[in-house]
Amino acid sequence: MAQKPSIPKGTRDFSPTEMSRRNYIFDTIKSVFQNFGYLPIETPAMENLSTLMGKYGEEGDRLLFKILNSGDYLKNVTLGEDAAQGLNKITRSIAEKGLRYDLTVPFARYVAQHRNEITFPFKRYQVQPVWRADRPQKGRYREFFQCDVDVIGSNSLLNEVELIRMIDDIFCELKMGVVIKINNRKILSGIAEVIAVPEKLTDITTAIDKIDKIGLDKVYEELRSKGLTDETIQMLEPIINLGGDNQKKLNCLREFIGTTADGSQGITELQTVIDLLNGLDIRSEVEIDQSLARGLNYYTGAIIEVKAKKVGIGSVCGGGRYDNLTGVFGLPDVSGVGVSFGADRIYDVLNELDLFPEQVHKCTKVMLVNFGGKEAAFSLNILQQLQRSGIPAELYPDTVKMKKQMKYADQKAIRFVLLIGDEEMKTGVLTLKDMESGEQHKLEMEQLTGLLK
RNA sequence: GUGGAUGUAGCUCAGUUGGUUAGAGCACUAGAUUGUGGUUCUAGGGGUCGCCGGUUCAAAUCCGGUCUUCCACCCCA
C-alpha cells in the first residue's frame, strides 16, 4: 500500500449509519424551525476576512481559518519591512478570504446586503458547517455543523420566549434532558458598574461560573489571584452565592444592582421573559445563571446557553440578542436575537446515552438477483415496476455467484430477495425470499407489489 | 496558546531485562455448498512496528526530534 491517506486534524468522515443518525437530528431541528415560521437561507463557506475579523473578540480572530490569495500571493510582500510590522500586516496582504466561524455574522452581512428584498421582522434558519482553528478534544471539532435560528428586526421579548420554546420542543423531541440557562448582558454591566472595576468583569464571571466545579473557596482564591481586593469580593458575595429559584434570584439582583440603569433594564427584561414562560408549558428546566457571560462580544441583551444533563460536553446550544451587529455592515438600529444548535455535540450526547431510535435509516426493501444477461434484462422491467410503485429496490449489477449476491443483501440488511431465473421467466411466477425467516414463496407480480408496499 | 498521554494488519489490541521469519480476535478472499445469506469448519492474502535521526554486533523495544490522535486548561457548538 502506498502512503496512508488521512484527513485534516479535527475533521471527520461520516459513514452511512452516522449520516442517517445525523439526518435524524437535522430533520428534527428543521421541522421545529419550520413549525415556528422560519425560512431557510444559505451563505458561502468563505467570506471576506474584513467581514469576519473583529467580530468575535481577540480569541476569535486567532481561530479563524484564512485562505491564501490565488496566484502569486507573495508578490506584494517584502519580508523585511512587512514582517517588522507584525503578522497581521502580512496576513492582510496574502489572505483576504476566510472560512466562516459561525452563522450569525454572515447572516448579519446577508441582512445588510439584502435589506431591500427582506420583509422585517425576518425569521430565518440556516444549517451549515463552520470552521474554527481550535485544538480538537472531546466534543470539539475544527469543522462542525451549526443550526441557527434568528429573528432580526424586532425588539420584542416574545422572540426570546419563542427561542426558548423551540429549544424545549427540539430537545423534548430528541428525548434529551437539558437545562436552559439564561442571563442578560445588561445585568453583567450593572454588576460591573456597582463594583467599580468593570475591566475585571470577565474574570469575575468566569470565576463564578466554576463554583459547581471547584467550590466556593477556590472561587474566592481565583478572584484574589486576579487582583480583586477583599472589599470588592465581599461586595460580590450576594452575586456569587445567588441561589434559590428564579424569582428569588431576580429579587436579589434587583436589590444589588437595581439602582443602575443597565442593571434595572436587564432585570426587567429577564423578569418579563420568566413571567411569560411561567404561563406556558415548558418541559425543560429554565434557570437564571448570573455567571453566564459567553465570549462572543456582539451580544447586548439576553444570553442563552443549553447544557445536556448527564453528559459533560460543554453547551449543546447557545445564543443571545445582538442590538447592532448589522451596524458594522451599514445597517444601523436593527436588533436581532437567535440561538445556534451544535449538531455534532447533540450527536455525541445522543450516542453516549444510546438515545437514537432503532430504525432511523431507510434502505432497500428488495434486491433482485442477477443470474445473467437475459435474466438481468428481464429483471430490469420488474425492477422498474417495483420502483415506480414506491418500493425501494435494486438489481445486483454483476453476474456473480449467488452466494456473493446473497451475502451482499444480508450485509446491507435488505429484507427481501427476488429470484428470477429460467424457471421464473418461463412461468412469470417469481420467487421471493424473506431473509429474516428464510422462507420462500412463489408470487405473481401483483401479489408481490401488494406484499412489499 | 499551556500541560499530559498515545501511535504495531482495514478495525480493536498483545508483543517479556533489546536477540531467529512481529502475533491474536474481528474483517476480507477462496473452498466445504454448480439456484440460497447469517452459524460452523478448512485454507489464504495482508505490516516501512507513525516519520526522521542517534546508541548498539543486534531496536517494535533505549534516546532525541517531528507529526498524529486523545485528554485537561483557556475558550466555545
Side-chain angles (χ1 to χ4, degrees), chain A residues 1-12 15 25 29 56-63 100-104 127-148 167 178 202-203 205-207 209-210 213-214 222 292-297 299 303-308 312-320 338-349 367 369-372 375 396 399-425 431-440:
Chain A
M1 181 178 39
Q3 218 182 348
K4 265 191 192 174
S6 67
I7 53 175
K9 188 198 273 263
T11 64
R12 296 149 300 155
S15 298
I25 294 172
I29 291 174
Y56 308 106
E58 218 175 291
E59 182 82 354
D61 282 356
R62 195 170 62 79
L63 298 180
R100 70 165 103 79
Y101 179 89
D102 73 354
L103 300 178
T104 307
V127 176
Q128 288 189 275
V130 303
W131 294 269
R132 295 182 189 178
D134 216 345
R135 185 176 288 202
Q137 58 175 280
K138 188 179 184 186
R140 170 171 303 182
Y141 308 99
R142 285 185 146 183
E143 177 185 62
F144 61 97
F145 275 73
Q146 287 194 329
C147 314
D148 267 41
I167 292 170
V178 294
T202 316
D203 291 337
T205 51
T206 52
D209 187 44
K210 292 179 192 159
K213 222 164 156 186
I214 62 177
E222 181 162 336
L292 192 62
R294 300 187 57 77
L296 300 178
N297 57 13
Y299 292 122
I303 324 175
I304 301 167
E305 193 163 292
V306 182
K307 296 215 156 162
I313 197 166
S315 54
V316 290
C317 174
V339 292
S340 178
F341 293 80
D344 306 79
R345 284 189 177 174
I346 293 172
Y347 181 98
D348 289 346
V349 172
M367 186 197 84
V369 173
N370 183 333
F371 280 107
E375 291 89 340
Y396 197 90
T399 307
V400 292
K401 265 183 284 189
M402 194 161 162
K403 179 180 166 123
K404 189 165 172 139
Q405 300 190 37
M406 294 299 279
K407 194 167 182 178
Y408 170 86
D410 183 47
Q411 296 204 328
K412 219 176 154 183
I414 298 172
R415 171 78 188 268
F416 296 101
V417 169
L418 198 53
L419 301 150
I420 306 169
D422 262 351
E423 183 75 26
E424 285 84 357
M425 280 170 69
T431 306
L432 183 74
K433 171 160 179 161
D434 181 336
M435 295 292 275
E436 260 170 48
S437 63
E439 283 171 22
Q440 274 179 215

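Within every chain, numbering begins at 1; the chains are lettered A, B, ... in the order of the sequence lines, protein sequences first and strands thereafter. Basis for what follows: all heavy atoms, side chains included, without hydrogens, waters or symmetry-related copies.
Using a 4.0 Å heavy-atom cutoff across all strands shown, A:Lys138 reaches sugar-phosphate atoms only and no base atom. Note on A:Gln411: only backbone sugar-phosphate atoms sit closer than 4.0 angstrom, heavy atoms only; bases stay farther off. Among the heavy atoms of the strands, none lies under 4.0 Å from A:Gly60.
With sequence neighbours excluded, no residue forms a salt bridge (Lys or Arg N to Asp or Glu O under 4.0 Å) with A:Asp422.
If you find the closest nucleotide of RNA chain B to A:Glu439 and to A:Arg135, the one lying nearer the 5' end belongs to A:Arg135.
Residue ring and base: A:Phe144 counts as stacked with B:A77 (centre distance below 5.5 Å, interplanar angle below 30°).
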Please enumerate all protein N or O atoms sitting under 3.5 Å from an N or O of nucleotides 67-69 of chain B, with distances to 0.1 Å.
{"residue": "B:U69", "atom": "OP1", "partner": "A:Lys9", "partner atom": "N", "Å": "3.3"}

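At a cut-off of 3.5 angstrom, counting only N and O atoms as typed in the model, there is no donor on one side facing an acceptor on the other between the side-chain of A:Gln440 and the base of B:G35. Not a single donor-acceptor contact under 3.5 angstrom links the side-chain atoms of A:Lys407 to the base of B:G38.
In RNA chain B, runs of at least 3 stacked Watson-Crick or G-U pairs (N1-N3 plus N6-O4 or O6-N4, or N1-O2 plus O6-N3, all under 3.5 Å) give these stems: B:1-5 with B:69-73, B:10-13 with B:23-26, B:28-32 with B:40-44, B:50-54 with B:62-66.
Among the nucleotides B:G1, B:A30, B:G35, the one closest to the side chain of A:Lys401 is B:A30. Taking only side-chain atoms of A:Glu423, from C-beta outward, the nucleotide of B:G35, B:A72, B:G37 with the closest atom is B:G35.
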